[in-house]
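Before I ask anything, let me first share the structure, which is written out below as structure tokens.
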Amino acid sequence: MRLFAAVVPPSARQDELGHVVDRLHRLPGADGLRWTSRPGWHLTLAFMGEVDEELLPELRVRLARAAHRTPPLGLRLHGGGHFGRRALWTGVAGDLDELRLLAERADAAARRAGVPMDEHRRYQAHLTVARARGGDADLRPFLDELGTFEGSRWEAGELTLVRSNLPVSGVRGEQPRYEKVDGWPLEGTVGRPG
């Protein structure tokens, strides 16, 4: 199974972002981007790639522990950014130190469960809204529009394990399908050592 750990914004917060993304779709050059779909919007914490099913029981135990140690997070989506000329995203504000700590805990949980993880990188909280078709795109007009976006605050209360089902039909524009495998409430106490 192709898995990742994530925080999923509630539908009301996704709708706020959706109004801005709908405007982005109407900008010149929008057809040169592959837009992510709203049902799949999430904040990836730890991408695990292909995971053997035999590792799932231990992975679940360790992710549950990570969630139990982490308090609910006050977050909001805002602004925009990019990774090179290939990915367009909206940023995250709020309890970012705690969100980074949760990402590190999810990564460590996967490693300790035996999942071969890529090289660890500093966590950059973001929600990807589009990727360039063919590699490079002029993202400036999209960044200008996203730059003024200020979403409402929400409380993230769950660490979610998500399965990514990659497109198989070969139809242009087909999106990966995401399904929740499991989830654990964030139950830590604010101010408690991690």
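Reckoned from all heavy atoms, side chains included, excluding hydrogens, waters and symmetry mates.
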Original post:
Looking at NE2 of H82 and CG of D138, how far apart are the two atoms once the value is rounded to the nearest 0.5 Å?
Top reply: 10.0 Å
Original post:
Is it the case that one hydrophobic cluster holds both L127 and L24, taking links as side-chain heavy atoms less than 4.5 Å apart, direct or via other members?
Top reply: yes
Subject >> 4.5 Å side-chain heavy-atom contact, L77 and L43 >> reply: yes
**OP:** Kindly work out whether a path of hydrophobic side-chain contacts (I/L/V/M/F/W/Y, heavy atoms less than 4.5 Å apart) joins W89 to V8.
**Re:** no
**OP:** Apply ring pair (Phe, Tyr, Trp, His ring centres under 6.0 Å) to H42 and list each qualifying residue two or more places apart in sequence or on a separate chain.
**Re:** F4, Y178
Original post:
Between the side chain of T36 and the main-chain N/O of T128, is any donor-acceptor distance below 3.5 Å?
Top reply: yes
Subject >> For the student: nearest non-hydrogen atoms of W35 and A30, plus distance >> reply: NE1-O, 3.0 Å
**OP:** Of all the heavy-atom pairs spanning A66 and L159, show the shortest one and how long it is.
**Re:** CB-CD2, 4.4 Å
Subject >> Residue of the set V51, L161, L63 for which side chain to side chain contact (heavy atoms under 4.5 Å, CB included) holds with V181 >> reply: L161
Subject >> R38 side chain to S11 backbone, donor-acceptor under 3.5 Å >> reply: no
Original post:
Which heavy-atom pair separates A5 from A106 by the least distance, and what is that distance?
Top reply: CB-CB, 3.9 Å
Subject >> Close side-chain approach of L139 and L33, heavy atoms under 4.5 Å >> reply: yes
**OP:** Check for a donor-acceptor pair, side chain of W41 on one end and backbone N or O of G18 on the other, with a separation under 3.5 Å.
**Re:** no
Original post:
Which heavy atom of V20 sits nearest a heavy atom of F149, and at what distance?
Top reply: CG2-CD1, 3.4 Å
Subject >> Identified side chain to side chain contact (heavy atoms under 4.5 Å, CB included) partner of R2 from the options E50, R163, M48 >> reply: E50
Subject >> Same apolar cluster: V129 and W154, side chain cutoff 4.5 Å >> reply: yes
Subject >> For D118, all residues meeting salt bridge (Lys or Arg N to Asp or Glu O under 4.0 Å), sequence neighbours excluded >> reply: none
**OP:** Look up atom CG in L102 and atom CG in L96, then write down how far apart they are to the nearest 0.5 Å.
**Re:** 12.0 Å
Original post:
So with a 6.0 Å cut-off around CD of E53, is the heavy-atom count from everything else above 12?
Top reply: no
Original post:
What are the two closest heavy atoms between Q14 and P9, and how far apart are they?
Top reply: NE2-O, 2.8 Å
Original post:
Would you say M117 and L55 are hydrophobically clustered, going by side-chain heavy atoms of ILVMFWY under 4.5 Å?
Top reply: yes
Subject >> All pairs passing side chain to side chain donor-acceptor pair (under 3.5 Å) where residues 56-67 contributes a residue, at least two apart >> reply: E58-R62, R60-D182
Subject >> Where D95 and G74 come nearest, the two heavy atoms and their spacing >> reply: OD2-N, 2.7 Å
**OP:** State the OG1-CG distance between T148 and L143, to the nearest 0.5 angstrom.
**Re:** 11.5 Å
**OP:** State whether the side chain of T160 and the backbone N or O of V7 hold a donor-acceptor pair below 3.5 Å, judged by distance alone.
**Re:** no
**OP:** List in chain and number order the residues that pass salt bridge (Lys or Arg N to Asp or Glu O under 4.0 Å) with R153, two or more places apart in sequence or in another chain; answer none if no residue qualifies.
**Re:** none
**OP:** Any pair with a residue in residues 106-116 that passes salt bridge (charged side-chain N to carboxylate O under 4.0 Å, His left out), sequence neighbours left out, goes on the list, sorted by first then second residue, please.
**Re:** D107-R111
Original post:
Rounded to the nearest 0.5 Å, how far apart are CG of L186 and CG of L73?
Top reply: 5.5 Å
Subject >> Partners meeting salt bridge (Lys or Arg N to Asp or Glu O under 4.0 Å) with E16 (sequence neighbours left out) >> reply: R13
Original post:
Between the side chain of D52 and the main-chain N/O of E54, is any donor-acceptor distance below 3.5 Å?
Top reply: no
Original post:
Below 4.5 Å, heavy atoms only, C-beta onward: do R133 and D31 meet side chain to side chain?
Top reply: no
Subject >> Point-to-point distance, once rounded to the nearest 0.5 Å, from CZ of R23 to CG of L146 >> reply: 9.0 Å
Original post:
Are side-chain heavy atoms of L3 and L59 found at a separation under 4.5 Å?
Top reply: yes
Original post:
Distance from L27 atom CG to F142 atom CZ, nearest 0.5 Å?
Top reply: 5.5 Å
**OP:** Determine yes or no for a side-chain-to-main-chain donor-acceptor pair under 3.5 angstrom, with E98 supplying the side chain and T70 the backbone.
**Re:** no
